[in-house]
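Have a look at the structure below before the remarks.
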Amino acid sequence: MKINLSPRITYPLLVALMAAGAGCSDLKENPDFINPDTFYKSATELQLGVNGVYDDLNSGFSGYFYDRYVFECLTGDQIGWEKGPLQYNLGNVSSADEYIEAYWSISYRSINRANAVIETADAMKDATNDALVKRLKGEAQFLRAFYYYGLLSYFDSPPLTTKSTKGISELPSNTGGKRAVIDQIYADAKAAADVLPASYTGADVGRATKWAAKTILMKAQLWDEKWADAKTTADDIITNSGVQLFDNFAYNFDLAHENQGERLFEAQISASANANEYNVHSAHFNPEDYPSDLGGAGWSWLSATQEFRASYDAKDKRIDGTFIETYPTGRFGKVDGAYPMVKWSPKADFNLSRFGGIVKSDANPRDPAQMIFGKAWSNKLVELGTNWTNTEKNTIYLRLADVLLGHSEACNESGQGDKFMGINKVRARAGLTALSGLSQSALRDAIIQEREQEFVFEQVMYPELRRKSKFGATPDYLGNHINHYITKYNAGRTLKARDYVLPLPLKEMQGNTNVTQNKEWQ
């Protein structure tokens with residue numbers, strides 16, 4: 001069931017919205033005003049507040065999803081010609097960057113909402129709905145952990161606050177560093193897992209479950225290099241959740257299987273449910289030459305390189321679910337009453353320019369051998385044939401495959417358990433041979449490669465690569481990726497320590513004396 005978690009009240013608990021005309025004392029209407037101290041007195045009203053914490057997960061044009069993808073372009077595997085992706089491909093990042101600022105603002109807005117929901121739940125007197133109030137508080141705790149994990153993934157030491165902001169003088173600090181943030185994620189994820197249900201029915205489908213909370217817990221434990229703890233958490237999810245990988249990898253990204261199976265947590269997107277909150281996957285990821293009258297926006301800001309697409313084993317069953325392999329091109333107009341079809345090929349021309357990698361303009365549209373392209377467009381994200389403002393696909397944030405690969409990593413690093421079980425389940429679904437007999441370092445490499453090919457276009461590889469890398473040290477997966485990109489495409493970029501963490505936003509540094517900038521950016 002497609003649900004819309006966004007409430008009519010956009011900023012519950014945090015902002016009192018009012019519209020009243022100055023000097024109109026004779027008006028009889030009640031002003032549009034919501035006072036959180038008097039409104040949120042029941043579980044039904046509290047649920048509106050929780051809905052507002054989910055709200056930013058499906059933010060539109062340049063929001064939570066898109067900013068993460070821009071950050072991905074630092075690695076060089078995923079590229080774009082729009083200013084954000086292009087500058088990140090070139091390593092041109094600054095603390096005044098608009099994408100960093102937007103991501104930061106969205107994250108803390110949602111954290112502040114979650115803080116307020118938790119405080120309100122703790123003070124709420126609604127005895128007949130006590131279980132629901134506890135569940136709603138658990139959802140807010142999960143979401144706070146989720147947003148803090150996102151901040152940890154890019155900034156290492158973001159400011160930590162667990163209280164809702166009452167005034168501009170209440171500024172959080174990051175003096176506790178990464179340790180304080182990870183410990184808060186642990187506390188919230190564990191508390192949420194204790195009260196959240198394993199699944200939902202009806203209109204509640206799509207809300208956070210205990211298994212989503214445990215997945216965030218496991219991911220934080222991996223980041224913290226608590227390998228034995230991460231293995232235990234992953235074992236619990238794998239053994240007790242009842243969740244299994246889909247037989248068909250593409251089910252992770254289609255409409256028919258939303259909020260089902262291995263899809264542990266996803267942002268609820270539906271233009272039909274709420275025309276003001278469509279997702280813009282097709283607008284950002286459609287092929288450049290996809291015909292506009294078929295629904296193409298023609299932006300094609302983002303794709304992966306031809307080389308990355310070519311790195312897949314030809315037998316890999318994930319290819320069709322991951323990449324657009326063929327589509328109608330508008331490059332030549334209609335030929336014999338229809339748009340010619342183009343097919344991806346490793347032999348097609350490819351470069352990093354806007355039009356580099358689409359079918360050549362002088363190709364013969366009646367010759368299939370010439371109807372080829374080299375860019376790797378995302379089939380996970382687009383909805384070809386649908387107008388880009390009417391998209392329905394959810395944004396996937398947590399999947400069981402992440403847990404399985406996390407299990408293999410935890411076993412490999414701790415020397416405990418079956419280190420091949422998780423990765424081989426992922427590979428088996430992809431139709432690839434099982435791994436065995438690898439050394440610790442060789443399996444570490446294999447897990448990184450499997451993550452890349454399993455999760456490309458899901459905004460996770462820059463954090464994963466930097467989590468397993470250190471500038472000038474071994475291993476250095478992130479540095480290897482960036483240096484390969486620089487060499488292959490003559491990018492005019494030099495690998496630097498700043499590539500391994502994002503800076504805290506300039507506005508935060510200017511307005512909050514309690515915050516210290518990451519040392520790489522000082």
Do the charged groups of [X] and [Y] touch, with an N to O distance under 4.0 Å?
X	Y	result
Glu119	Lys163	no
Asp156	Arg466	yes
Lys231	Asp235	yes
Lys468	Glu464	no

Plane angle bin for Phe146 and Tyr397 - parallel if under 30°, tilted between 30 and 60°, otherwise perpendicular: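 Rings of Tyr397 and Phe146: perpendicular, as their planes differ by over 60°.
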
Residues which pass side-chain hydrogen bond (donor to acceptor under 3.5 Å, both in side chains) with Trp227, listed by chain and number, not counting sequence neighbours: none

Please check if any side-chain donor atom of [X] sits under 3.5 Å from a side-chain acceptor atom of [Y], or the reverse.
X	Y	answer
Tyr500	Asn518	no
Asp97	Tyr88	yes
Arg207	Asn259	no
Gln221	Thr233	yes

With a 3.5 Å distance limit and no angle check, can you tell me whether [X] reaches the backbone of [Y] through a side-chain donor-acceptor pair?
X	Y	answer
Gln522	Glu520	no
Ser408	Ile423	yes
Asn89	Gly76	no
Glu392	Ala271	yes
Glu72	Tyr462	yes
Gln184	Leu160	no
Tyr108	Pro159	yes
Glu508	Pro505	no
Lys393	Val382	yes
Asn394	Ile396	no

With side chains defined as the heavy atoms from C-beta onward, is the minimum distance between [X] and [Y] less than 4.5 Å?
X	Y	value
Leu222	Glu413	no
Val460	Arg451	no
Val195	Arg135	no
Leu152	Ile185	yes
Thr232	Met218	no
Asn252	Arg263	yes
Leu504	Met509	yes
Cys73	Leu302	yes

Taking only residues two or more places apart in sequence, or in another chain, which ones meet Arg179 in a salt bridge (charged side-chain N to carboxylate O under 4.0 Å, His left out)? Asp183, Asp224

For the ring pair Tyr103 and Phe71, is the centre-to-centre distance below 6.0 Å?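 Judged by ring-centre distance (under 6.0 Å), Tyr103 and Phe71 do meet the cut-off.
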
What do you reckon, are the aromatic ring centroids of His284 and Tyr66 less than 6.0 Å apart?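 That pair passes the under 6.0 Å test.
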
Heavy-atom closest pair, residues [X] and [Y]:
X	Y	answer
Asp77	Glu452	OD2-OE2, 3.0 Å
Gln440	Lys419	N-NZ, 4.4 Å
Ile118	Ala140	CG1-CB, 3.8 Å
Ser199	Thr209	CA-CG2, 4.2 Å
Asn129	Ala43	CB-CB, 3.7 Å
Gly321	Phe253	O-CD1, 4.2 Å

Distance (rounded to the nearest 0.5 Å) between [X] [atom1] and [Y] [atom2]:
X	Y	atom1	atom2	result
Arg467	Met461	CZ	CE	9.0 Å
His481	Asp476	NE2	CG	10.5 Å
Ser303	Phe323	OG	CZ	10.0 Å
Gln141	Asn115	CD	CG	10.5 Å
Leu136	Leu196	CG	CG	9.5 Å
Arg309	Gln453	CZ	CD	10.0 Å

Stepwise side chain to side chain contact (heavy atoms under 4.5 Å, CB included) check, Leu74 with Tyr154: CA-CA 12 Å; Leu74 273 166; Tyr154 298 110; over 6 Å; no

Tell me, please, which residues at least two apart from Met421 pass side chain to side chain contact (heavy atoms under 4.5 Å, CB included).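 With sequence neighbours excluded, Met421 shows a side chain to side chain contact (heavy atoms under 4.5 Å, CB included) to Ile238, Leu404, His407, Asp418, Lys425, given in chain and number order.
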
With side-chain contact (heavy atoms from CB on, under 4.5 Å) as the test, pick out the partner of Leu502 among Tyr99, Phe155, Trp104. Phe155

Do other residues, nucleotides or ligands put more than 12 heavy atoms under 6.0 Å from Lys134 NZ?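 Counting neighbours around NZ of Lys134, 12 or fewer heavy atoms of other residues, nucleotides or ligands fall under 6.0 Å, so no.
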
Counting only heavy atoms not in Lys496, do more than 12 fall under 6.0 Å of its NZ?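 Yes, because the 6.0 Å sphere around NZ of Lys496 holds more than 12 heavy atoms from other groups.
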
Could you check Leu143 against Phe265 for side chain to side chain contact (heavy atoms under 4.5 Å, CB included), going step by step and ending with a plain yes or no? CA-CA 11 Å; Leu143 288 162; Phe265 185 63; 4.0 Å; yes

Can Arg113 and Asp56 be said to form a side chain to side chain contact (heavy atoms under 4.5 Å, CB included), step by step? CA-CA 11 Å; Arg113 291 174 178 174; Asp56 276 325; 3.8 Å; yes

Test side chain to side chain contact (heavy atoms under 4.5 Å, CB included) on Lys214 and Asp236 and set out the steps. CA-CA 9 Å; Lys214 285 180 178 286; Asp236 183 18; 2.9 Å; yes

